[in-house]
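A short write-up of the structure that comes next.
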2 protein chains.
Amino acid sequence: MLITVDPTSAAPLFDQIATAVRLAVVRGEVSAGERLPSARELADSLDLNVHTVLHAYRTLREEGLLEVRRGRGATISASAGRDYQDLRTALDTLVAESDRLGLTRQALVGLLTHEETR
Amino acid sequence: MLITVDPTSAAPLFDQIATAVRLAVVRGEVSAGERLPSARELADSLDLNVHTVLHAYRTLREEGLLEVRRGRGATISASAGRDYQDLRTALDTLVAESDRLGLTRQALVGLLTHEETR
DNA sequence: GAGTTGTTCTAGTTCAACTAGAGCAATATG
DNA sequence: CATATTGCTCTAGTTGAACTAGAACAACTC
């Protein structure tokens, strides 16, 4: 699983890490039980602070995507092994439609955070 | 057009205002040429600073959704009058699928900001 | 026992968001 | 033309999340 980060992006670093992991799961690039690099390792290779990586891991655990324990590290949850094909299709459809209308990504995200669209 | 704001939300206030306007457009509740309240008016009724409202208006202008000029105020752009039915459908589909998988809204937004999902 | 890894604590820095107030520029209106 | 409205610009201060840094500690592996 490749995890990268863009320091110039407006998105928080811990969120970029979390999203990279979510993406890998949705794409099926990782499977349940797979182990992530330790926080100290990943922090070193991304040139970030350990706390930032741990913040990302904590976020993913609260979402149920990771199992995180001291001594052991972080592993992909069993519940994360489902089929995400429909989600990917829905995402692609939405992005295509949004682009067709000329909406910015920011605008689209704004709409999404207000769930009740009707 | 009803514009409300939640001061306790993590989302920036200016973004909440912008999204409220985007939602109204997507829902077809406002039509091209329609005039928004002046920044000072809206700031008063929402109990916010004028600058915060102007920030929202500026954002929407950069997205092409508003025409903003001094003396005149802010009006919905002509280009904003299109049909958003497909977008609403795509949004609903995505949210339903996301909920089915138990993803948090934050996780979904994270995925969306990385456009290339394939 | 030794090493690894996450957890918790304190502490300081940076930056976007927000607030506040003033004056200015463009537009509308009588 | 005079006045009011409205957005624009500038300065300035506050707040909180994100990030960094370092240390000690607890759970787990080997």
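Lettering of chains follows the sequences in order, A, B, ..., and the numbering in each one begins at 1.
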Any [X] side-chain N or O less than 4.0 Å from OP1/OP2 of [N]:
X	N	value
A:R70	D:dC25	no
B:R35	D:dT5	no
A:T52	D:dA18	no
B:R69	D:dT6	no

Which residue lies more 5' along DNA chain D, comparing B:V50 with A:R72 via nearest heavy atoms: B:V50
So which nucleotide from [options] ends up closest to the side chain of [X]?
X	options	value
B:V68	C:dC18, D:dA21, D:dC8	D:dC8
A:H55	D:dA18, C:dA20, C:dA25	D:dA18
B:R61	C:dT19, D:dT6, D:dC8	D:dC8
B:L54	C:dA20, D:dG7, C:dT7	D:dG7

Given atom [atom1] of [X] and atom [atom2] of [N], what is their separation to the nearest angstrom?
X	N	atom1	atom2	value
B:N49	D:dC10	CG	C1'	14 Å
B:L66	D:dC8	CG	C1'	16 Å
B:D47	C:dC18	CG	P	14 Å
B:D44	C:dG21	CG	P	12 Å
B:Y57	C:dC18	OH	C1'	17 Å
A:L48	D:dA21	CG	P	10 Å

Touch class at under 4.0 angstrom, heavy-atom based, for A:R58 against every strand present: nothing
Sugar-phosphate, base or nothing in reach of B:E67, heavy atoms under 4.0 Å: nothing
Donor/acceptor link under 3.5 angstrom from A:H51 side chain onto base of D:dG22: yes
base_contact_polar (C:dG6 base, A:R40 side chain, donor-acceptor, <3.5 Å): yes
Enclosure of B:R69 CZ (heavy-atom neighbours >12, cutoff 6.0 Å): no
Side-chain touch [X]/[Y], heavy atoms, less than 4.5 angstrom:
X	Y	result
B:L13	B:D6	no
A:L112	B:L112	yes
B:H55	B:T59	yes
A:E67	A:R72	no

In one Ile/Leu/Val/Met/Phe/Trp/Tyr side-chain cluster, 4.5 Å: B:V95, A:L101: yes
side-chain contact (heavy atoms from CB on, under 4.5 Å) between A:L87 and B:L94, intermediate numbers included: CA-CA 7 Å; A:L87 182 71; B:L94 179 65; 3.8 Å; yes
Positions of residues 3-15 of chain A (non-hydrogen atom under 4.0 Å from DNA chain D), listed by number: A:P12, A:L13, A:F14
Exam field: side chain B:E63 to backbone A:T104, donor-acceptor pair closer than 3.5 Å: no
